[in-house]
Structure formats: C-alpha cells, structure tokens
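Inspection log for the structure reproduced underneath, given as structure tokens.
First listed ligand is number 1; within each ligand, the first listed atom is number 1.
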Amino acid sequence: MARTMLHRLEDLCNVDVDDADTALIKSIPFTPHNQTSNQAIITNALLADQALLKDLVRQYGSQGWERVYDQAAVDLTARNVPFLSGRVLIQTSLRHISSSAATIAHARTLASLYANAGVSRDRFAIKLPFSGAAAAAARVLNAEGIRTLATSVFSLEQGIAASQSGCLFVSPYYNEIAAHLDASLRPTYEDPALEHPMSPRIIHILEAFAKAYRETGKEQPIMVIASHFTPGEIMAMAELGCPHVTVPPHLIKTLLETPDTLPLPTTKKAKLSYAEFATTQRLTKLSTIDPLAGPDWDGKLADMQTDYVANGGEKLDEALKRDTIASKRLRDAEVFFIEMENKAKDAIEKEIAAQGL
Ligand SMILES: O=C(CO)[C@@H](O)[C@H](O)[C@H](O)[C@H](O)COP(=O)(O)O
C-alpha cells in the first residue's frame, strides 16, 4: 500500500483505535497500539450484532441486563487483542461517577470477566470517567494491579489526580461531547495546535507530568488524547507532544484514503517516558494561558502539592466545581454515556423478556 496520512500519523504519534470494530482494526496497514471504547461504542456495536445480543442474553440474561452488557463489552474488545500491540479498554458505568465503592466494584467485575476471557492484566485497562470518587477508586485499583485510564479529562486538576492515583493512561478530550451532538459547537482552526482553546490545557498536563517525573522519577500517565473532529486536529496532537492519539473510525478511513505526499517527517514521536519532554518552541506561549478559565482566574496553574485524591477525591471535586467549563463537560459526558447505556439496557431487557428469562 502507498504511504498514507495514517502512516505519517503513526510516525509522529502512536495510533490507537477509538472503536471496537475488528475489521476496521485489521484494515490498518500496521499494528495499532491500544483500542479504546465507551458506552456509545459498545452499545452501537452490540445493537448492530443481534446474533451476539441474543446469544449473550441466552447465556447471562437470567442474571440481569448489566451482566449481559458487561460481557458484551468484554467480548467485543477481547477479540481485538491479537491485532493490537497494547491494551483494550472499556469504561465503568457513569451511574457510578459519584461512588468510589461502586466504581471499584464495577472495575473489578470487568477485570474478572477479562480474566475469564483469557485476557491478561497487561492487555486491558479500565477507563474511569474522572470525578473525585473515580480518582479515589483509581488509587485502589492501580495498587491492586488493575490498571486504569482517567477519561473525560478536561482540566489540569483531573490530569494531576490521574498521576497521583497511579493511572497508567490519561485521556483528555480535545473537544467536548456537546460538540459531537451539535455541529455548530465545533470550532474550526487553521492551526489547531496553536489556536484551539483546549491546546493550552494539554500542554499544562504534559508539563506537570514532565516536572513530576524529573522531580520524583515516578512514571506518569501516558496521554492517549481523544475526541477529534478533523484530520488537522489529529495531526496536530504530535506537535502538542501527545505520545498517543485515539482515532475514531471516520478519521481512520479519511487518513487511510489520503496519500502522504509530504517529505518524510524529520521529528520523532514523543517518548512514553516524560524524561525528555519539552514543549516545542512554537507553542511555549500556551504554557501560561488558559482560554477556558473563567474571568476571575488568577493566572496560577494547579500543581502536584495538593493531593487531589485524598478523602474520596475531595479536592478534585472542589476544583471541578470551581471550573465551570470542565464540570459542564464532565456532566455532559455523564448524561450522554448513561443515555447510551440505557439504550442497550432497553434492548437487552426486551430480549430477556422475549426469551422468557
Ligand atoms: O476517552 C476515550 C479514550 O480513552 C474515548 O473513547 C472517548 O470516550 C471518545 O473519544 C469521546 O467520547 C468521543 O467519542 P465519539 O462521540 O466520537 O464516539
């Protein structure tokens, strides 16, 4: 196959797949790294496969819809492991966003279903939508070897809490969920790295991790940046310094269909360790600005001195409350993913009734 923009992206930034579609993953002309998912991805995949739905209901329907849905998420992702070099990921229910105990219990259930499916702990991770309660849950889960990804991250404080709770990965959303549902909310920029209002927060998180690594030697979460609309946005992630980007299906297809006619890249992809991280010269002005902060922001950025995870993630919840943009975006994610989960719940319960279970 001739060289495409997806090859170029992989030269600059590790390509992960933001979808569970095995055929799509196999169509990529190199081995992608991780495969991310969420309740929208799992529900759509399950509803598109009525044979799988019926079969899972037959096997597990008597134990209720959640058992069926969790098994679906594990089955739909576990089968992709042979075609990836890294991990498959599924997300805990947003119904648990305010409860550490419920988040821990759900993550442990998913981990045991992966174990039953023969997926070892180094081939999966559990995504936690990152509230204070989730950060506290992450500390427990990572300590017991169930590795987590902090997701729905919109603020530096959430990024710091991901580091403090020992998360393996962190996924800031470059764009908000509301913009996925309403195209009029999608910003378009000639130069996304420099102009997109989320770029500074990405740089702040990466710089905080690099500083923490230099000071403590402790490995920091690997950034798997998510939620992009355009090829231009995706390609800009390398310049921001993101080591991984998770790419939705339509952008994988577009990048695969676009020949790379540019000279071979002269820069290398960001290393997974933050030891050598440095913001590229062109973007250093983003280090001190925050277009998403409110008008009374004092210009100070959060740092690792505050423990955002202690006491059930109390300080993270306080920070989220003060940050109207991040808290609105996290709330939108909560509403959207619960809606998508409920769509699957209705279909599963209908099938449970049809099978007379
Ligand atoms: O958080 C991760 C990866 O860690 C993503 O799966 C993330 O949920 C998605 O990129 C966003 O929710 C956008 O998803 P979609 O609306 O494009 O399906």
Quick one: does C167's side chain get under 4.5 Å of T148's, heavy atoms only?
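Answer yes - side chains close enough.
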Checking Y189 now: which residues fulfil ring pair (Phe, Tyr, Trp, His ring centres under 6.0 Å) with it, not counting sequence neighbours?
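For Y189, the residues satisfying ring pair (Phe, Tyr, Trp, His ring centres under 6.0 Å) (neighbours in sequence not counted) are H196.
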Decide whether T4 and H7 meet the rule of one side-chain donor and one side-chain acceptor closer than 3.5 Å.
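Present: a donor and an acceptor within the cut-off.
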Pairs touching residues 202-221 that satisfy salt bridge (Lys or Arg N to Asp or Glu O under 4.0 Å), sequence neighbours left out:
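Checked against salt bridge (Lys or Arg N to Asp or Glu O under 4.0 Å) - neighbours excluded - the pairs reaching residues 202-221 are K211-E215.
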Applying a heavy-atom distance cut-off of 4.0 Å, which protein residues contact ligand 1?
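The answer is D18, T36, S37, N38, K127, L149, T151, S171, Y173, I177, H180, A226, S227, T246, F337, counting any residue whose heavy atom sits under 4.0 Å from ligand 1.
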Among F277, Y274, F169, which residue meets the ring-ring contact (aromatic ring centres under 6.0 Å, His included) test with F209?
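Of the listed residues F277, Y274, F169, the ring-ring contact (aromatic ring centres under 6.0 Å, His included) partner of F209 is Y274.
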For residues 246-258, which residue pairs qualify under side-chain hydrogen bond (donor to acceptor under 3.5 Å, both in side chains), counting only residues two or more places apart or in two chains?
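Listed by first then second residue: T36-T246.
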